[in-house]
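Below, chain A is the first sequence line, B the second, and so on; all start at residue 1.
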Protein chains: 2
Amino acid sequence: MTGLAASIERRNGVSLWRQIADRILQAIANGDFAENAALPPEMALAERYGVNRHTVRSAIAALVQEGVLKAEQGRGTFVLSRKRLSYPIGARTRFSTGLQGQTTERHIALLSSSTEPASRRIAEALGIARGAAVIRLETRGEADGHPVSRATTWFDAKRFAGIETAMAETGSITASLKRFGINDYLRQSTVLSARHADADDLAALDLQPGAIVLVTMSVNVTLDGQPIQFAESRFSAERVELRLSAND
Amino acid sequence: MTGLAASIERRNGVSLWRQIADRILQAIANGDFAENAALPPEMALAERYGVNRHTVRSAIAALVQEGVLKAEQGRGTFVLSRKRLSYPIGARTRFSTGLQGQTTERHIALLSSSTEPASRRIAEALGIARGAAVIRLETRGEADGHPVSRATTWFDAKRFAGIETAMAETGSITASLKRFGINDYLRQSTVLSARHADADDLAALDLQPGAIVLVTMSVNVTLDGQPIQFAESRFSAERVELRLSAND
DNA sequence: TATAGTTGTCTATATCAATAGACAAATTTA
DNA sequence: TAAATTTGTCTATTGATATAGACAACTATA
């Protein structure tokens with residue numbers, strides 16, 4: 001709400017430069033800076049946060065490294081990257097259609113797949129016996145070549161044998177399910193949480209350590225309520241916001 | 001998914017002990033430990049994360065300070081606190097009814113209120129002129145005496161003059177709106193994001209520095225679609241998860 | 001062309017974070 | 001009771017984090 005303001009805490013296990021970098025990222029994501037706009041000078045930021053100029057420089061260096069900012073000696077420091085993508089969540093959520101108008105190209109890349117026995121949680125969600133075989137897909141959602149989400153998805157192995165091939169070929173869950181005779185489906189429930197990104201998230205989403213991910217756990221069902229898919233998706237909180245609409 | 005596993009990153013501005021503390025909190029919130037269950041011994045944790053025992057001890061010390069763990073010399077370290085509250089988000093979300101069954105007592109405390117000119121964003125959300133007077137309420141949602149959420153809410157000052165008094169008296173948005181002739185309302189839209197808690201969040205939600213908050217920005221409307229309220233709410237990601245149901 | 005404003009680099013110092021090892025203190029188990 | 005297990009305390013060392021100050025290099029502007 002207040003842009004670059006909001007204060008900084010000491011001795012909490014998070015370094016000052018990391019906290020300041022987070023605040024700047026937040027401000028950019030909130031749209032407080034236009035693209036190519038100049039950041040306030042280092043001395044001004046140092047004063048605002050009550051830290052040394054070198055500490056601010058560490059924060060800026062990290063963001064330059066990340067490709068978010070560009071510093072020019074004598075001129076100033078400039079914002080390169082854009083606002084957050086707004087990702088809709090609702091009963092009819094689809095990865096590719098959701099981002100229409102915000103990006104031009106999007107697809108889902110299959111990173112790996114395996115078959116494993118269902119844990120209790122997954123068995124419950126899919127309505128199958130605990131320990132029954134499930135197919136696990138590790139995927140990454142990409143828009144305009146940039147990673148947007150990282151998901152782990154489980155399907156009943158009996159009903160959806162070979163879905164990993166369909167995913168690899170089509171790059172789309174919706175298209176893959178069509179091959180199994182499912183022409184429409186709904187998102188039954190979603191549980192939302194947030195945490196620090198782990199090593200896998202960092203690599204897959206091209207994040208800097210310390211980044212935050214939004215986590216959704218969802219169940220998709222056929223129109224008559226039969227569960228078909230359980231998924232845990234991770235989104236970069238810096239790059240994505242989730243939007244819930246009433247009419248969806 | 002994998003409980004206490006998930007690895008740890010170095011040189012990223014977030015100290016190892018803070019990262020380990022976060023992982024333990026996550027595992028507890030996920031229900032990987034029963035209440036009063038023993039944490040693995042310090043040496044085992046140190047080995048699992050590839051760090052020195054003293055680093056694990058720092059993480060545990062922080063969580064003991066927070067009241068999440070209790071260490072007993074010679075016996076072990078034990079989990080005190082419970083799973084996350086599951087907070088429903090949907091068209092008919094209400095603070096007090098949402099947590100039914102999970103808590104016994106809940107209300108909203110009014111921290112402060114003020115009148116200010118509407119920013120562009122708030123004017124748009126409420127469908128009033130930019131700069132028109134709006135009432136701003138700073139509130140804290142509490143359940144069983146523990147802080148759950150911290151919210152900032154804006155109302156059209158013309159239509160809802162004196163609503164701060166109603167809030168202070170009733171401790172409920174729903175009850176306050178009734179005094180203005182609004183017997184029912186819907187949540188029109190919600191935008192969800194996450195960030196590190198700022199100083200205000202830390203104080204209001206009784207969090208440790210470095211904690212993550214889930215942020216929702218929502219617009220409530222009357223049944224015929226007239227906007228009445230714009231709100232930004234912050235929830236502790238450690239203590240709360242947000243649940244989206246299809247039939248809501 | 002000065003001058004002011006800005007980022008870049010260097011040196012120095014103090015504190016925090018992390019590692020390492022040793023042993024004490026308390027509890028549980030054989 | 002003795003041994004094993006576990007948390008608590010202490011000392012020492014290293015590297016990362018943060019502060020402080022000075023000055024160089026570059027840009028825009030009066």
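A salt bridge links E138(B) with R150(B): at least one charged nitrogen is closer than 4.0 Å to a carboxylate oxygen. In this structure, D201(A) pairs ionically with R195(A), as a charged nitrogen and a carboxylate oxygen lie closer than 4.0 Å.
Rounded to an integer number of Å, the gap from L69(A) CG to dG8(C) P is 11 Å. Protein atom CE of M43(A) is 12 Å distant from nucleotide atom C1' of dT19(D), rounded to whole Å. For the pair N52(B) CG and dT14(D) C1', the computed distance is 13 Å after rounding to whole Å. A straight line from CD1 of I60(A) to P of dG8(C) spans 8 Å, rounded to a whole angstrom. We find that CD of E47(B) is positioned 14 Å from P of dT19(C), with the value rounded to whole Å. The CZ-C1' distance, from R57(B) to dA20(C), rounds to 15 Å in whole Å. Atom pair W17(A):CH2 and dA17(C):C1' shows a separation of 14 Å (rounding to whole Å applied). Between Y49(A) atom OH and dA18(D) atom P there is a gap of 15 Å when expressed in whole angstrom units.
Under a 3.5 Å cut-off, the side chain of R136(A) and the backbone N or O of V134(A) do not form any donor-acceptor pair. For the pair R48(A) (side chain) and P40(A) (backbone), a donor-acceptor distance under 3.5 Å is absent.
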Contact letters for nucleotides 22-30 of chain C, in which S counts primed atoms plus P, OP1 and OP2 and B counts the base, heavy atoms under 4.0 Å: B--BBBS--

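The nucleotide whose nearest atom lies closest to any side-chain atom of P41(A) is, among dT6(C), dT7(D), dA18(C), dT6(C).
OP1 and OP2 of dC16(C) both lie 4.0 Å or more from every side-chain N or O belonging to S15(A). Considering only side-chain N and O atoms, S58(B) lies nowhere under 4.0 angstrom from the phosphate OP1 or OP2 of dA18(C). Between T77(B) and the phosphate of dT6(D), there is no side-chain N or O to OP1/OP2 separation shorter than 4.0 Å.
Rounding to the nearest 0.5 Å gives a distance of 5.5 Å between CD1 of I60(B) and CG of L39(B).
For R130(A), there are no salt bridge (Lys or Arg N to Asp or Glu O under 4.0 Å) partners, not counting sequence neighbours. Every residue was checked against the salt bridge (Lys or Arg N to Asp or Glu O under 4.0 Å) condition with E164(A), not counting sequence neighbours, and none meets it.
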